Number of protein chains: 2
Amino acid sequence: MNYSKQRESMLRILRSTKSHPTANEIYMEMRKTDSKISLGTVYRNLNLLCDNGIILRIDTNHDSVHYDGCVEPHCHFVCSDCKRVFDLELDTSDLDDKVREETDFTVSGHSLVFYGKCNNCKD
Amino acid sequence: MNYSKQRESMLRILRSTKSHPTANEIYMEMRKTDSKISLGTVYRNLNLLCDNGIILRIDTNHDSVHYDGCVEPHCHFVCSDCKRVFDLELDTSDLDDKVREETDFTVSGHSLVFYGKCNNCKD
DNA sequence: CCTAAAACAATAACGATTACTATATTTATT
DNA sequence: AATAAATATAGTAATCGTTATTGTTTTAGG
């Protein structure tokens, strides 16, 4: 993987927010400083960074995929009203072992997403 | 919701398998007995059945959405090789309460998907 | 039977993502 | 610094899963 200033800029954006942006939101943010950036470049780099474990993909069932610059194990909450994605502190590191006990599968990890309404939307 | 033989047939298919088929797989299965069935009908009914809690949507991060005729709370394992979806017995009913303790959010449920390799693919 | 609501098949449209192509940038080598 | 190979890019076209539209058919209730 060679250096590219586009990819560096994407990583900077992802690591400076807790908003879990979508590909298009990252694209819009990048266009503020680089009007020539291509949406294809954003997608290609997001996949590259995911495949190398540098960022995290969050599938919310709701709309398009969200991305997280924080790869420390944690889980997420998606508000079914505003669709925002929140980080949760919940420790679920024991779950993978439970599945290993129950099955003969090789478990590499899990994705845990909670649904409901956030503080702003719950009334 | 009026009766329709297309929807009845879909439910029969979904409840008679543990394979968690995609919309297209259900469509292909239905075409065996009804060559006129429309893919739009399959999608419309899948959404209708999901919205009414009669079937379950499973988002695997991998490809298109899978559906489950069993709505009893359970979680899933997706093989990253063959992409098959397996049921797990794991009881995770306590997780929602843990999130309620940690946050002020209204929690309606969660989706828990494990990743790894199944027995067939792990070597 | 007759009517209104709901469902249908067929097809067009949409939005997110990926593929393609010709050009530019990065990195390693002389 | 010049060169060459590998990698990345912008721009655009194509793909794929899903949803919307339309005119017709089926269902359910009076």
Side-chain angles (χ1 to χ4, degrees), chain A residues 1-14 19-52 54-68 78 80 83-85 111 113, chain B residues 1-14 19-52 54-68 78 80 83-85 111 113:
Chain A
M1 205 192 321
N2 278 354
Y3 171 85
S4 91
K5 62 172 180 299
Q6 289 87 342
R7 189 159 51 233
E8 189 192 38
S9 159
M10 286 182 50
L11 257 179
R12 194 166 357 96
I13 288 172
L14 273 165
S19 75
H20 313 89
T22 63
N24 196 60
E25 286 165 353
I26 295 167
Y27 171 62
M28 290 308 191
E29 186 63 30
M30 295 193 72
R31 276 181 50 162
K32 291 180 183 171
T33 53
D34 175 4
S35 60
K36 288 286 185 185
I37 183 75
S38 163
L39 187 53
T41 298
V42 173
Y43 273 105
R44 184 168 26 76
N45 280 319
L46 284 172
N47 287 337
L48 208 56
L49 292 168
C50 281
D51 293 350
N52 288 77
I54 299 167
I55 65 171
L56 220 71
R57 193 190 310 267
I58 311 170
D59 211 323
T60 67
N61 266 24
H62 275 306
D63 47 357
S64 57
V65 176
H66 292 249
Y67 294 89
D68 195 336
V78 182
S80 34
K83 316 295 188 207
R84 275 187 296 173
V85 179
S111 145
V113 180
Chain B
M1 202 191 324
N2 279 353
Y3 171 86
S4 93
K5 62 172 182 298
Q6 289 87 344
R7 189 159 53 232
E8 188 191 39
S9 158
M10 284 181 53
L11 257 179
R12 193 165 359 95
I13 289 173
L14 272 166
S19 75
H20 312 88
T22 62
N24 197 60
E25 285 165 353
I26 295 168
Y27 171 63
M28 289 307 189
E29 186 64 29
M30 296 192 72
R31 277 181 50 162
K32 290 179 183 171
T33 53
D34 175 3
S35 61
K36 288 285 185 187
I37 182 74
S38 163
L39 186 54
T41 298
V42 173
Y43 273 105
R44 184 165 27 74
N45 280 319
L46 284 172
N47 287 337
L48 208 56
L49 292 168
C50 281
D51 292 350
N52 288 76
I54 299 167
I55 64 170
L56 220 71
R57 194 190 308 268
I58 312 170
D59 211 323
T60 67
N61 267 26
H62 275 305
D63 45 356
S64 58
V65 176
H66 293 249
Y67 294 90
D68 195 336
V78 183
S80 35
K83 316 295 188 205
R84 276 187 296 173
V85 178
S111 145
V113 179

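Since the structure is predicted, the reported quantities are computational estimates derived from the model, not experimental observations. Throughout, protein chains are lettered first and strands after them, A, B, ... in sequence-line order, and every chain is numbered starting at 1.
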Quick one: side chain to side chain donor-acceptor pair (under 3.5 Å) partners of A/Tyr27, sequence neighbours excluded?
A/Arg31
Smallest separation among heavy atoms of B/Thr22 and B/Ser64, with atom names:
CG2-OG, 3.7 Å
Residues in side chain to side chain donor-acceptor pair (under 3.5 Å) contact with A/Arg44, at least two apart in sequence or another chain
A/Thr41
Among B/Asp68, B/Asn47, B/Leu46, find the one that has a side-chain contact (heavy atoms from CB on, under 4.5 Å) with B/Arg57.
B/Asn47
Atom of B/Ala23, atom of B/Val42 and distance for their closest heavy-atom approach:
O-CG1, 3.7 Å
To the closest 0.5 Å, what do you measure between OH (A/Tyr67) and CD1 (A/Ile26)?
7.5 Å
Please identify each residue that fulfils side chain to side chain contact (heavy atoms under 4.5 Å, CB included) with A/Ser80, with sequence neighbours left out.
A/His62, A/Lys117
With a 4.0 angstrom cut-off to heavy atoms of chain B, pull out the first and last contacting nucleotide of DNA chain D, in 5'-to-3' order.
D/dG17 to D/dA28
So if I take the C1' atoms of five pairs at each end of the helix from C/dC1-D/dG30 to C/dT30-D/dA1 and get each local axis, what angle do the two axes make, rounded to 10 degrees?
30°
A/His66 (side chain) donor-acceptor with A/His20 (main chain) under 3.5 angstrom
yes
Using a 4.0 Å cut-off on protein heavy atoms (strictly under), produce a 5'-to-3' string for nucleotides 11-30 of chain C with B for base contact, S for backbone-only sugar-phosphate contact, and - for none.
-----SBB-------SS---
So do B/Lys83 and B/Thr60 actually touch side chain to side chain, heavy atoms under 4.5 Å?
no
Tell me: NZ of B/Lys36 to C1' of C/dA10, nearest whole Å?
10 Å
Can you find a pair of side-chain heavy atoms, one from A/Lys5 and one from A/Asp34, that are under 4.5 Å apart?
no
